[in-house]
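Everything below concerns the one structure shown next.
Every chain is numbered from 1, with letters handed out A, B, ... down the list of sequences. Excluded from the calculations below are hydrogen atoms, water molecules and symmetry mates; all remaining heavy atoms, backbone and side chain alike, are included.
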Amino acid sequence: MALQYRYAPHGLEEKWQKHWEEKNVFHCTEDASRPKYYLMEMFPYPSGRIHMGHVRNYSIGDVMARFRRMQGFNVLHPIGWDAFGLPAENAAIKNNTHPAEWTYANISNMRTQLKRMGYSYDWQREIATCRPEYYRWEQEFFLKCLKKDLVYRKKAAQNWCPCCHTVLANEQVVDGKCWRCDSDVEQKELTQWFFRITAYADELLADLAKLEKGWPGRVLSMQNNWIGRSTGAEIEFALEGREGSVNVFTTRADTLYGVTFLTLAPEHPLVEALIAGKPGETAIRSFIERTKNMDRLDRQSETLEKEGVFTGSYCLHPMTGERIPIWLGNFVLAEYGTGAVMAVPAHDQRDFEFARKYGIAIKAVVEPAGKELDPAAMEEAYVESGVLARSAEFSGMPSDKGREAIIRKLEAEGKGKATVNYRLRDWNISRQRYWGAPIPVVYCEKCGMQPVKEEDLPVLLPLDVKTFEDGRSPLPQTPSFTDAVCPCCGGPARRETDTMDTFVESSWYFARYTSARKEDAPFDDAAIRYWLPVDQYIGGVEHAILHLLYARFFTKMLRDCGYLPKGLDEPFSNLLTQGMVLLGGSKMSKSKGNIVDPDAMVQKYGADTVRLFCLFAAPPERDFDWTDSGIEGAYRFVNRVWHLFADLQGVLHPVHACSDLSPATSEAVRSLRYVEHSVVKKVGDDIAGRNQFNTAIAAIMELVNAVAKYHADLSQTEEGKRALSSAMASVLTLLYPFTPHMCEEIWQELGHEEAMDSEPWPQWSKDALVTETCTVVVQVNGKLRGRIEVPAGSGPDVLEKTALEDPAVSRHLEGKAVAKVVVVPGRLVNIVVR
RNA sequence: GCCGGAAUGGUGGAAUUGGUAGACGCAGCGGACUCAAAAUCCGCCGCCCGCAAGGGCUUGAGAGUUCGAGUCUCUCUUCCGGCACCA
């Protein structure tokens, strides 16, 4: 056999893919004798075809997986399908098919596409979240949470997408629009199921610190913003002339003595009692109606005209006992804090404008050091911190001290307490759609809501239904599904017809991969303890909040429910967020018609070239623009490597990388060996330490260039042949994670018995990096003036002397006095002159 | 407004700890091979002055620290992302 001169990727790629599959090369099991490495990419939604974004994501993952295997890790590298969700229903309606049929056909198609890319997955762990074997465990988790009050039902105004016919979680509303179809989201009063993610707000926030080393800063910052913790105080204002009080949340307790009114959300539960029978009640009611009917987006926009109305009721200042008028304001949010705000016009711009508009008093109680504020002359609120004034015994304290002291006194008198508020809301998981996991509860006329018994799980999603044209769920009209027996009294009951948000499935799939085929429990405890947490997770930054926050929450929640071990607080130790693949500067999209089809690229260049280009084009975190000339360049390189081997067959011995360290007599051998070992070092550092695949590939190119430069001379001598053989073995070994098919093929043709999939990562040698001389740069006043060649290890004195004598340097010293000479051995000499 | 990230040749991007700015590609230019083209191979390739030797300038702008700054500090500009009438 001989290596054909022509590089023909298709046959050989398919040959090796078959080899991997038949030999089950990438299947893994728990093995205590080896260090584990759990690496996964975000699993795809089975939309029909893979796109370049997938290819980039999975190529990055595959390089890391193959690299870690070569390093001796026991690598778990699984794949699956995020298979529930709306597009399946919409496509089924459009094509007159069933969502299940559409989904499974897509999975089958995309599986073939992924296999054609040569990714090293353990296909025996493949999962699809729409299978009952998967979602039944989710239903069990739901029941467990119900018992622990971590999931609950409540009626509230919800985000409703009229186009998708379903509610959306807060995280799925982007700029007031549906994350999926971009329709304006409406508010609709509905009874829905919620996961109590807010119970974990503090832990989700605090544990971000554990991720500081392994997660990108921007993802941490986004989660931080989303959780939105603010510390302050809840303060009680007793109502005047009746029982009860209004509680407010404030971050500025230091301004308490400046309160001149309170503002309540029109939805505040006390409003009815406060306005009943007051003068102007009708006008107040019409204000409330008007505000409630406003579009949510308009109401929360910054340009909203701030309006309010006096309720006619008063409360009492907790410290001074002063009468404080209670107003309603269209800008106060019922859902944040207590839905009531203490207004301090002197120190809050919004309150300032409101007070000026309605002629309410302004009291300045925080002043810049040494200055007095005159409320009448103020043109805007003084919002900075300062020194407290007109604040009884707190006067004279700086803001932060005053804030603490005031809270302490309130706490002592039982009129308030230090507290924390979060922006994060509970996670609404009810979806009024068909293609999702059924929520395992029934409603009995007698007993009310009843959970399905665990032994009756799974609640199967019926497949023999027809979807409606307009997208409404057929489940409420499917008696075989809705008719149920009450688990409590045995009487007739109606089954819940809402399904779970698809983000629930993706919140725990990483744990299921560890024991994907287990039938009697969601997880195998030993497998969980061996594999988790995930060492490296890779995916798009668009999931920075949604999926990654939910998965973190689920990990903590499953831990507390006893499914995951104590101490497993975070699912993903390291996160790599890869950038998008663009075409012509914008995101590839079908509607815009700017698509590069991976299949077409594989057809034209082979999978190895496509993989290589995706990693070479840019560092993984950055977006990159697909260019035809770019992939041509990658193809040229692959061909160059192939031809080099074809030219050198008969010369090369079947040796391993870095195998030749015999004393070298020729300068070419020494040079090539130097390049070989420094490239081996760099590629390892780049892949393992920095995720810089583009520079790793660049280094391999340098090694190939070095071989091309020396091979004509070296192939003449036995010493040269040994050096070439080792260097070329290094090329293949380093390139293997990127272009595995080609490397396997050449490796075999070179005469190796073992396939490359069991080849270890090469060890570079310090000795090979030792040189006899080195080049030292000479600067004069920091400007580069010359280079000197000195024996390696030369001391400062020699360097200084050689540098000063160098003609290119001494020219710049004429007529000047040398003030100082800085010597960095092995690097540079800087001569400072005046 | 608050938080995070970024800015380097014609172009994608290198420069890992403050020490030769522009690795490796792409595009371009010149040459070899060819009847010719493609492919391939060899050479050149930041900007300005210069025949050259050489010199000057150069990492968004400006200052600072340092023998020395793309890298550290401060101020500013522009762009990208997140949060935002959040009390």
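The distance from the CE atom of Met601(A) to the CG atom of Asp628(A) is 6.0 Å, given to the nearest 0.5 Å. With rounding to the nearest 0.5 angstrom, the CZ atom of Phe738(A) is 12.0 Å from the CG atom of Asp608(A).
In terms of the side chain to side chain contact (heavy atoms under 4.5 Å, CB included) criterion, residue partners of Ala688(A) (sequence neighbours excluded) are, by chain and number, Phe67(A), Arg68(A).
Under the 4.5 Å side-chain criterion, counting only non-hydrogen atoms from C-beta, Ile360(A) is in contact with Trp327(A). In this structure, the side chains of Thr609(A) and Met742(A) stay at 4.5 Å or more apart for every pair of heavy atoms. Looking only at side-chain heavy atoms (C-beta outward), Ser678(A) and Trp764(A) stay at 4.5 Å or farther from each other.
With hydrogens and angles left out, the side-chain atoms of Glu171(A) and Trp179(A) include no donor and acceptor closer than 3.5 Å. Donor-acceptor pairing under 3.5 Å is lacking for the side chains of Asn639(A) and Arg6(A). Between Glu789(A) and Thr775(A), the side chains place a donor N or O and an acceptor N or O closer than 3.5 Å (distance only, hydrogens not considered).
If you find the closest nucleotide of RNA chain B to Arg640(A) and to Asn830(A), the one lying nearer the 5' end belongs to Arg640(A).
One interatomic measurement links the two molecules: CD1 of Ile631(A) to P of rA27(B), which rounds to 13 Å at whole-angstrom precision. Remark: C1' of rC41(B) and NE2 of His711(A) are 11 Å apart, rounded to the nearest angstrom. Distance, Phe613(A) CZ to rC24(B) P: 18 Å, rounded to whole Å. Going from atom OH of Tyr5(A) over to atom P of rA39(B) covers 15 Å, rounded to whole Å. Distance CZ (Arg229(A)) to P (rC3(B)): 17 Å, rounded to an integer number of Å. Residue Asp647(A) contributes atom CG, which lies 11 Å from atom C1' of rC41(B) at whole-angstrom precision. In this entry the distance linking CH2 of Trp215(A) with P of rG5(B) reads 17 Å, nearest Å. Here rU20(B) presents its C1' atom at 14 Å from CG of Asp806(A), a figure rounded to the nearest Å.
Annotation: rA69(B) and rC57(B) have their P atoms spaced 13 Å apart (nearest Å). Taking atom P in both rU8(B) and rA15(B), the straight-line distance is 15 Å, to the nearest Å. rU58(B) and rU20(B) are spaced 15 Å apart, taking the C1' atom of each and rounding to whole Å. Taking atom P in both rC44(B) and rA53(B), one finds a spacing of 14 Å when rounded to whole Å. Comparing rG10(B) with rG81(B), their C1' atoms are spaced 29 Å from each other, to the whole Å. Rounded to a whole angstrom, the distance from the C1' atom of rU77(B) to that of rC29(B) is 37 Å. Going from the P atom of rG19(B) to that of rG70(B) covers 10 Å, rounded to whole Å. Between the C1' atoms of rC45(B) and rG25(B), the separation comes to 14 Å (whole Å).
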Treating primed atoms plus P, OP1 and OP2 as sugar-phosphate and everything else as base, which nucleotides of nucleotides 6-16 of chain B get B, S or - for protein heavy atoms under 4.0 Å? ------SSSSB
Treating primed atoms plus P, OP1 and OP2 as sugar-phosphate and everything else as base, which nucleotides of nucleotides 81-87 of chain B get B, S or - for protein heavy atoms under 4.0 Å? -BSBBBB
Reading nucleotides 46-66 of chain B from 5' to 3' and marking B where a protein heavy atom lies under 4.0 Å of the base, S where only the sugar-phosphate is that close, and - otherwise, the string is --------SSSS---------
For residues 255-266 of chain A, run the donor-acceptor check on the side chains, cut-off 3.5 Å, and write out each pair with its distance to 0.1 Å, sequence neighbours left out.
residue   : atom : partner   : partner atom : Å
Thr255(A) : OG1  : Arg252(A) : O            : 2.7
Thr260(A) : OG1  : Ala361(A) : O            : 2.9

Just distance, no hydrogens or angles: give the donor-acceptor pairs under 3.5 Å from side chains in residues 777-787 of chain A, sequence neighbours left out.
residue   : atom : partner   : partner atom : Å
Asn781(A) : OD1  : Val833(A) : N            : 2.9
Asn781(A) : ND2  : Val833(A) : O            : 3.4

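The ring of Phe613(A) has its center closer than 6.0 angstrom to the ring center of Phe624(A).
Not one side-chain nitrogen or oxygen of Asn224(A) sits closer than 4.0 Å to the OP1 or OP2 atom of rC2(B).
Note on Arg636(A): only backbone sugar-phosphate atoms sit closer than 4.0 angstrom, heavy atoms only; bases stay farther off. Using a 4.0 Å heavy-atom cutoff across all strands shown, Val832(A) reaches sugar-phosphate atoms only and no base atom. Here Glu632(A) lies out of heavy-atom contact (under 4.0 Å) with every strand.
The pair Asp685(A)-Lys681(A) meets the salt-bridge criterion, since a charged nitrogen lies less than 4.0 angstrom from a carboxylate oxygen.
With a 3.5 Å ceiling on both atom-pair distances, the Watson-Crick or G-U wobble partner of rC72(B) is rG64(B). Across every strand in view, rC51(B) sits unpaired, with no contact that passes the Watson-Crick or G-U test at under 3.5 angstrom. Of all nucleotides present, only rG82(B) satisfies the Watson-Crick or G-U wobble test against rC2(B), with each distance under 3.5 Å. Of all nucleotides present, only rU11(B) satisfies the Watson-Crick or G-U wobble test against rG25(B), with each distance under 3.5 Å.
In textbook terms, a nucleotide whose glycosidic angle is within 90° of 0 is syn, while rG5(B), being further out, is anti.
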Going through the checks in order, is the ring pair (Phe, Tyr, Trp, His ring centres under 6.0 Å) test met by His643(A) and Tyr7(A)? CA-CA 8 Å; His643(A) 293 145; Tyr7(A) 169 62; 8.0 Å; no
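With hydrogens and angles ignored, a donor-acceptor pair closer than 3.5 Å exists between the side chain of Arg787(A) and the base of rU20(B).
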